[in-house]
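Below, all heavy atoms of this structure are taken into account, side chains as well, without hydrogens, waters or symmetry copies.
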Number of protein chains: 2
Amino acid sequence: MISMYKKYVKILKDHAIIITSPRLDILKFLDEHHTHPDVEEIYTSLKKKHPSLSRTTVYNSLEILKKNKIIQSLTISGSELRYDIKEGLHHHFLCKHCGRIFDISITCPNMNRTVAGGHHVEEVQGYFKGICKKCQTKEKERRNNG
Amino acid sequence: MISMYKKYVKILKDHAIIITSPRLDILKFLDEHHTHPDVEEIYTSLKKKHPSLSRTTVYNSLEILKKNKIIQSLTISGSELRYDIKEGLHHHFLCKHCGRIFDISITCPNMNRTVAGGHHVEEVQGYFKGICKKCQTKEKERRNNG
DNA sequence: ATTCTATTTTGTAATAATTACAATTTTGTA
DNA sequence: TACAAAATTGTAATTATTACAAAATAGAAT
């Protein structure tokens, strides 16, 4: 039972973060859902299995995971922060129609930059916005049928 | 007196947007302040000369200017939206120390992309975050002197 | 296993950014 | 100058996030 958390226990131990069940659950959730969920989605999902969970705990846990560079937050939506397990460099695409966020695997010479305009760079994020593949298809079908 | 707005009147006319003083003032403000201000900064500045101005008007005006692609909003800060006159493609750098946002003139092969991961791209934004030139210098001085 | 202290979790209250909406005012046109 | 459509204003509501104090828990030491 505890074994399903082994991977996440190791991650926290490696970063000298105190191991707690909210942290393990959040990490597991993000590892299993690469949909860039916001706090509300994470909270609502985990609340079912762990009814005492507090929203504040989700905020706090995400914060400590972020500080340790285990996860990252995306500001792409412009309202809520979205969260993402950090696995390899990639960019993001936001569909203005359905609101979903996709990983974009294109590379870019600036992704690994440590200096830009004389400033010291610690993070680089590329955001693409438009209409996703699926929404475009739906739109075409709508035009053809009706 | 009206002549100082000539440029902005033309922009609005060209886009068939009804000409109103809040819109002219906001446009002028963004044209003269390339600091990527948020709504509060714009509102507070313009309120001095135009005391009846409402915050909602600032939101509405920015929205219509954005829809017409005269300005763009940046989500780089993660809390408030920042606004920018659209003049040539460029990326942005946010200093985590002083909070200022700088234009970064580096180019990138993905800036003009219209497709990414099969999705239709309408906007591309590159966000760099770290410590700006000035804050780095200050930090060095602090270490050397004290 | 038990105890202890620092840290975390919880729940509520506060804050900040944005949106909704109805009444009033203004714009552009006739 | 008058009119209809659209914009502005001010207030209230909503949403995302942060602050904070009390209760609970983790990990170290015994």
Quiz item: Quick one: stems for DNA chain C, with Watson-Crick or G-U pairs under 3.5 Å, at least three in a row?
Solution: C:1-30 with D:1-30
Self-check item: Residues that, via side-chain heavy atoms closer than 4.5 angstrom, fall in one hydrophobic cluster with A:V115
Solution: none
Exercise. Check which hydrophobic residues are tied to A:L89 through side-chain heavy-atom contacts below 4.5 Å, counting indirect links as well, and list them.
Key: A:M111
Exercise. Using a 4.0 Å heavy-atom cut-off, write out nucleotides 21-30 of chain C from 5' to 3' as B (base contacted by protein), S (sugar-phosphate only) or - (no contact).
Key: B-----SS--
Quiz item: Does any residue of residues 47-54 of chain A have a heavy atom under 4.0 Å from DNA chain C, and if so, which ones, in number order?
Solution: A:H50, A:S52, A:L53, A:S54
Exercise. Output all residues satisfying side-chain contact (heavy atoms from CB on, under 4.5 Å) with B:K96, sequence neighbours left out; order by chain, then residue number.
Key: A:E122, A:E123, B:K129, B:I131
Quiz item: Can you name the residues that form a side-chain contact (heavy atoms from CB on, under 4.5 Å) with B:H34, not counting sequence neighbours?
Solution: B:D31, B:E87
Quiz item: So which one's nearest nucleotide on DNA chain C is more toward 5', B:V39 or A:I64?
Solution: A:I64
Quiz item: Who pairs with A:V121 by side-chain contact (heavy atoms from CB on, under 4.5 Å), at least two apart in sequence or on another chain?
Solution: A:A116, A:V124, B:F93, B:F128
Self-check item: A:N110 and B:H91 side chains, donor-acceptor separation under 3.5 Å
Solution: no
Exercise. Apply side-chain contact (heavy atoms from CB on, under 4.5 Å) to B:T56 and list each qualifying residue two or more places apart in sequence or on a separate chain.
Key: B:S54, B:N60
Quiz item: If only atom types and distance count, is the side chain of A:S61 paired as donor or acceptor with the main-chain N or O of A:T57 below 3.5 Å?
Solution: yes
Quiz prompt | Pairwise side-chain contact, B:I11 with B:L65, heavy-atom cut-off 4.5 Å (strictly under) | solution = no
Exercise. Using the six-membered ring wherever Trp is involved, compare the ring planes of B:F29 and B:H33 and label them parallel, tilted or perpendicular (cut-offs 30° and 60°).
Key: parallel
Self-check item: Segment of DNA chain D, first to last nucleotide, that comes within the 4.0 Å heavy-atom reach of chain B
Solution: D:dA6 to D:dT11
Exercise. Would you list the pairs meeting salt bridge (charged side-chain N to carboxylate O under 4.0 Å, His left out) in which at least one residue belongs to residues 103-116 of chain B, sequence neighbours left out?
Key: none
Exercise. Specify the separation, in whole Å, of atom CG of B:L62 and atom P of C:dT18.
Key: 10 Å
Exercise. Begin with the C-alpha distance, continue with both residues' side-chain angles, and end with the deciding distance and a verdict on salt bridge (charged side-chain N to carboxylate O under 4.0 Å, His left out) for A:E40 and A:K47.
Key: CA-CA 10 Å; A:E40 205 55 30; A:K47 185 91 178 171; over 6 Å; no
Practice problem: Write down the distance between CD (B:E40) and P (C:dT15), rounded to a whole number of angstrom. | Solution: 15 Å
Quiz item: So, is A:R23 near the phosphate of C:dT8, with a side-chain N or O under 4.0 Å from OP1 or OP2?
Solution: yes
Quiz item: Which hydrophobic side chains are connected to B:L94, either touching it within the sub-4.5 Å cutoff or through other members that do?
Solution: A:L74, A:I76, A:L94, A:I101, A:Y127, B:L74, B:I76, B:I101, B:Y127
Exercise. Using whole Å, report how far CG of B:L81 lies from C1' of C:dA16.
Key: 13 Å
